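Here the structure is laid out as C-alpha cells; the discussion comes afterwards.
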Amino acid sequence: MKKILRWLNENLEETLMVLFLAAMTVIMGIQVFSRYVLGASLSWSEELTRYIFIWAGFLSVSYCTKKCISIKIEQFVALFPKRGKALFKVVNHTLELVLFLYLIPFAWQYLMSAVASGQTSPALGLPMYYVQAAPLAGFLLTAFRVLQRWIVEWKVVLGMKEKGA
C-alpha cells in the first residue's frame, strides 16, 4: 500500500496528463481519418477531446505546483539566504493555499448545480457533471500539493531539513 501511495504521489498528474494527451491525439487522428479518408465526420470526437483538455488543464495546475513550475520573481528570491528563501516560499505557499481553499467550495457548488440540472452533452450524451468535476478535482489536488510544498519549506525555515534533502 505504501508503494502505491508513493507512486501516486510521484506520478499521478504526469501519468494522467500523458494518458489524456495520448487519448486526444488518437481521437483526433481517428476524426481526421474518418473525415478525409472515409468521408464521414464523427459527431462526438471534438466534444470528447475538449472535455479531456479541460481535465488536463485543471490537473496541470497541480502538476506545476508539485514541480514548482510557475511564473515567479526568481532574481528577487535569490537575494535571500537559504532560510530567507524558504520563508518567502512559505508566505507564497500560504497565499496559494488560502486561494485554493477559497475556490474549493465554489467548485463544489458548481459541480452540485451540474448534478442537479441533469444536463448532458449534445454529442455524447455524457452527464456534464463529469466535465464540471474537473475544477473541484484540480483545486483539491492543487491544495494538497501546495500543502506538501509548504511543509517542505517550513522545515527549511525551522532548520529541520536541508533544502533538496
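The basis for the numbers below is simple: all heavy atoms, side chains too, and nothing from hydrogens, waters or symmetry mates. What you see is a predicted model; the values in this text were computed from it and never measured. Along the sequence shown, the residues carry numbers beginning at 1.
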Go through Val146 and Leu99 one step at a time and tell me if the side-chain contact (heavy atoms from CB on, under 4.5 Å) criterion holds.
CA-CA 11 Å; Val146 169; Leu99 172 68; over 6 Å; no
Do [X] and [Y] belong to the same hydrophobic cluster, where Ile, Leu, Val, Met, Phe, Trp and Tyr are linked whenever their side-chain heavy atoms lie under 4.5 Å apart, directly or via other members?
{"X": "Ile104", "Y": "Leu95", "value": "no"}
{"X": "Leu101", "Y": "Val91", "value": "no"}
{"X": "Leu5", "Y": "Ile151", "value": "no"}
{"X": "Trp55", "Y": "Leu103", "value": "yes"}
{"X": "Ile52", "Y": "Leu21", "value": "yes"}

Would you say [X] and [Y] make side-chain contact, with heavy atoms under 4.5 Å?
{"X": "Met28", "Y": "Glu46", "value": "yes"}
{"X": "Lys85", "Y": "Lys82", "value": "no"}
{"X": "Trp150", "Y": "Thr94", "value": "yes"}
{"X": "Ile27", "Y": "Trp44", "value": "yes"}
{"X": "Phe88", "Y": "Leu79", "value": "no"}
{"X": "Tyr51", "Y": "Met128", "value": "yes"}

Treating [X] as the side-chain partner and [Y] as the backbone partner, does any N or O pair qualify as donor plus acceptor under 3.5 Å?
{"X": "Glu153", "Y": "Lys89", "result": "no"}
{"X": "Ser121", "Y": "Leu126", "result": "yes"}
{"X": "Ser60", "Y": "Gly57", "result": "yes"}
{"X": "Arg83", "Y": "Val157", "result": "yes"}
{"X": "Glu47", "Y": "Leu124", "result": "yes"}

What verdict does the ring pair (Phe, Tyr, Trp, His ring centres under 6.0 Å) test give for Phe53 and Phe20, after you've listed the backbone C-alpha separation in whole Å, the side-chain angles of each residue and the deciding distance to 0.1 Å?
CA-CA 7 Å; Phe53 184 75; Phe20 288 165; over 10 Å; no
Between [atom1] of [X] and [atom2] of [Y], what distance do you get to the nearest 0.5 Å?
{"X": "Asn92", "Y": "Leu97", "atom1": "CG", "atom2": "CG", "result": "11.0 Å"}
{"X": "Arg50", "Y": "Met24", "atom1": "CZ", "atom2": "CE", "result": "12.5 Å"}
{"X": "Leu59", "Y": "Leu12", "atom1": "CG", "atom2": "CG", "result": "7.0 Å"}
{"X": "Leu140", "Y": "Trp108", "atom1": "CG", "atom2": "CH2", "result": "9.5 Å"}
{"X": "Gln132", "Y": "Gln119", "atom1": "CD", "atom2": "CD", "result": "6.5 Å"}
{"X": "Tyr36", "Y": "Gln31", "atom1": "OH", "atom2": "CD", "result": "9.0 Å"}

Check Glu13 with Arg145, please: is the shortest side-chain N to carboxylate O separation under 4.0 Å?
yes
Between [X] and [Y], which heavy-atom pair has the shortest distance, and what is it?
{"X": "Phe80", "Y": "Gly84", "value": "CB-C, 3.8 Å"}
{"X": "Ser43", "Y": "Ala123", "value": "O-CB, 3.2 Å"}
{"X": "Leu42", "Y": "Ser45", "value": "O-OG, 3.8 Å"}
{"X": "Ala86", "Y": "Val156", "value": "CB-CG1, 3.5 Å"}
{"X": "Ser62", "Y": "Leu141", "value": "OG-CG, 3.2 Å"}

More than 12 heavy atoms from other groups under 6.0 Å of OH on Tyr130
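It does not: Tyr130 OH has 12 such atoms or fewer within range.
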